[in-house]
Amino acid sequence: MTTSASAPLRSGALLIGGEHVSVSSGGTHQHIYPGNGRCNATIPLAGGSEVDAAVDSSWDAHRQWTSYPVDRRRDLLMNLADAVRDHFTELTELNVHDFGAPISTAGHSVLTEQFLRYYAGYADKAHGSSTPVSGAFDVNIIEREPYGVVGVIAPWNGPLVVIGAAVAPALAAGNAVILKPSELASLGPLRFGELCLEAGLPPGLVNVLPAGPDGGQALVRHPRIGKIHFTGGQATAQKVLQAAATNLTPVVAELGGKSAFLVFADADLDASATIAAYQGPIVQAGQSCACASRILVQASVYDAFMDKFVAAVHAAKIGDPMQPDVMFGPVVSQDATDRILRIIDATLSERAGELITGGNRLGGDLADGYYIEPTIFGNVDNHSALAQNETFGPVAAVMPFADEADAIRLANDTRYGLNAFIQTSNLKRAHSVARHLQAGSIWVNRHSDIEPQGPYGGYKQSGFGRTGGIEGLHEFLQTKNIRIGMN
Ligand code: NAD
């Protein structure tokens, strides 16, 4: 198959201290475009020596950044937001090249821009406070200070969102950032690094180091990194926490989920089916942390909902992600394809659910890409691997529940706690069920619209720390108490 994204794009280069570095100690990654399985870029990977150089340059940039008056920092972050807005098309296309997100849904830089504008507004407002103390005339000041240089480790499935959610508040708080994107998706982050320079940020304030696990470990273990902001999977988070223990470096962990989507009998079933289809197997082929992968439906409307849900899933056009009307594209890699097909096979062989639709890799014109049919299993056992593990692919597990208490029990019966969704026309029920769900974000009668004003993050094994809101800013500030004796 030929797609508009099949030609080799460019050779990447690390960005350290404002310079492109194309020869590095971590080797190179031949990047594959998921739409056709062909190499479209060669990415140099950072190793220990590039991490050392980036840390030095970031500390220099941090000193320069914090020497600027706060209103200048605010204006420069606004400039950066403008630059991101002006490069919307380019950044969207890079998302497609990076991980095969359909171009119709790949405009993540809108969020990058929104986060930058929101946190730019905090650059001159992230102040501390003062408090009375026992010494009647003493002055007690509580200050908030940046960590200096922070590492932001991003997953492949939404690096521009993570850049908004983590890099923007880190900069607004006065830090320099070493951004480590996944080797599977580094073209967009590298371009963002260039835009930082074009917007007038000091060279080295945002260094961009694509790297695999070794480069990631070197960054986390570095003794001069003040904090690590990690977004990714649970297994990697455990390695990051072990490495961070070397220097007792604090870590924020934004991890995966197995989010329940609750459809009560009083819900608008058409809207519920449409949202569940998009939020479940369709958007980014189910490769989203906010994915609604367990669809829980009240038994009395189970059949009616299932008919509408299957129809909504089938309505999504499948194909080359560069085509504007395509809604459903490939998964990210051959490894992901194999892993997801193994989960489907295991669900079938263990009779953990009834296959309603899908289940196969797509052939024909799409055979060279990593396309798996949108797949729905019905009457799934909530103790099965399909229901308990993050699939990160286009596979929905649907199961019935009897009543409100049963819905809450099933929804919470998971080690994850990132999101949950409630579809109901009963406001009292929405409030009550939301309070009982063990998840960091609850969406009632809507998609998972992430916005900079709302703190986002996990309960249980979906992580700790928050992005967004004042909570997201405070992740990048440490508190100092200064008491001045006046007697
Ligand atoms: P991943 O855990 O494989 O990798 C995440 C990042 O860690 C990548 O940059 C990777 O190169 C790096 N890394 C890998 N091994 C490392 C090591 N030993 N030390 C340091 N860094 C290392 O995750 P992924 O496949 O890139 O992303 C998908 C996962 O991210 C899913 O679980 C998804 O739910 C989660 N996610 C969570 C959120 C959220 O906000 N909670 C957002 C997006 C994605």
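Here the structure is a predicted model, which means the values were calculated and not measured. First listed ligand is number 1; within each ligand, the first listed atom is number 1.
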**Message:** Checking the side chain of Lys460 only, and the main-chain atoms of Gln438 only, is there a donor and an acceptor separated by less than 3.5 Å?
**Reply:** no

**Prompt:** Checking Gln279 side chain against Ser448 main chain: does a donor-acceptor pair fall under 3.5 Å?
**Reply:** yes

**Asked** Would you say Tyr459 has more than 12 foreign heavy atoms packed within less than 6.0 Å of its OH?
**Response** no

**Lys/Arg-Asp/Glu bridge criterion (N-O < 4.0 Å) met for Arg191, Glu198** = yes

**Complete:** Which of Phe401, Trp443, Phe421 passes ring pair (Phe, Tyr, Trp, His ring centres under 6.0 Å) with Phe261? Answer is Phe421

**Prompt:** For residues 148-186, which residue pairs qualify under ring-ring contact (aromatic ring centres under 6.0 Å, His included), counting only residues two or more places apart or in two chains?
**Reply:** Phe99-Trp156, Trp156-Phe392

**Request:** Anything with a heavy atom under 4.0 Å from ligand 1 counts, so go ahead and list those protein residues by chain and number.
**Result:** Ile153, Ala154, Pro155, Trp156, Asn157, Lys180, Pro181, Ser182, Glu183, Ala211, Pro213, Gly216, Gln217, Phe230, Thr231, Gly232, Gly233, Thr236, Lys239, Val240, Glu254, Leu255, Gly256, Cys289, Glu390, Phe392, Leu418, Tyr456

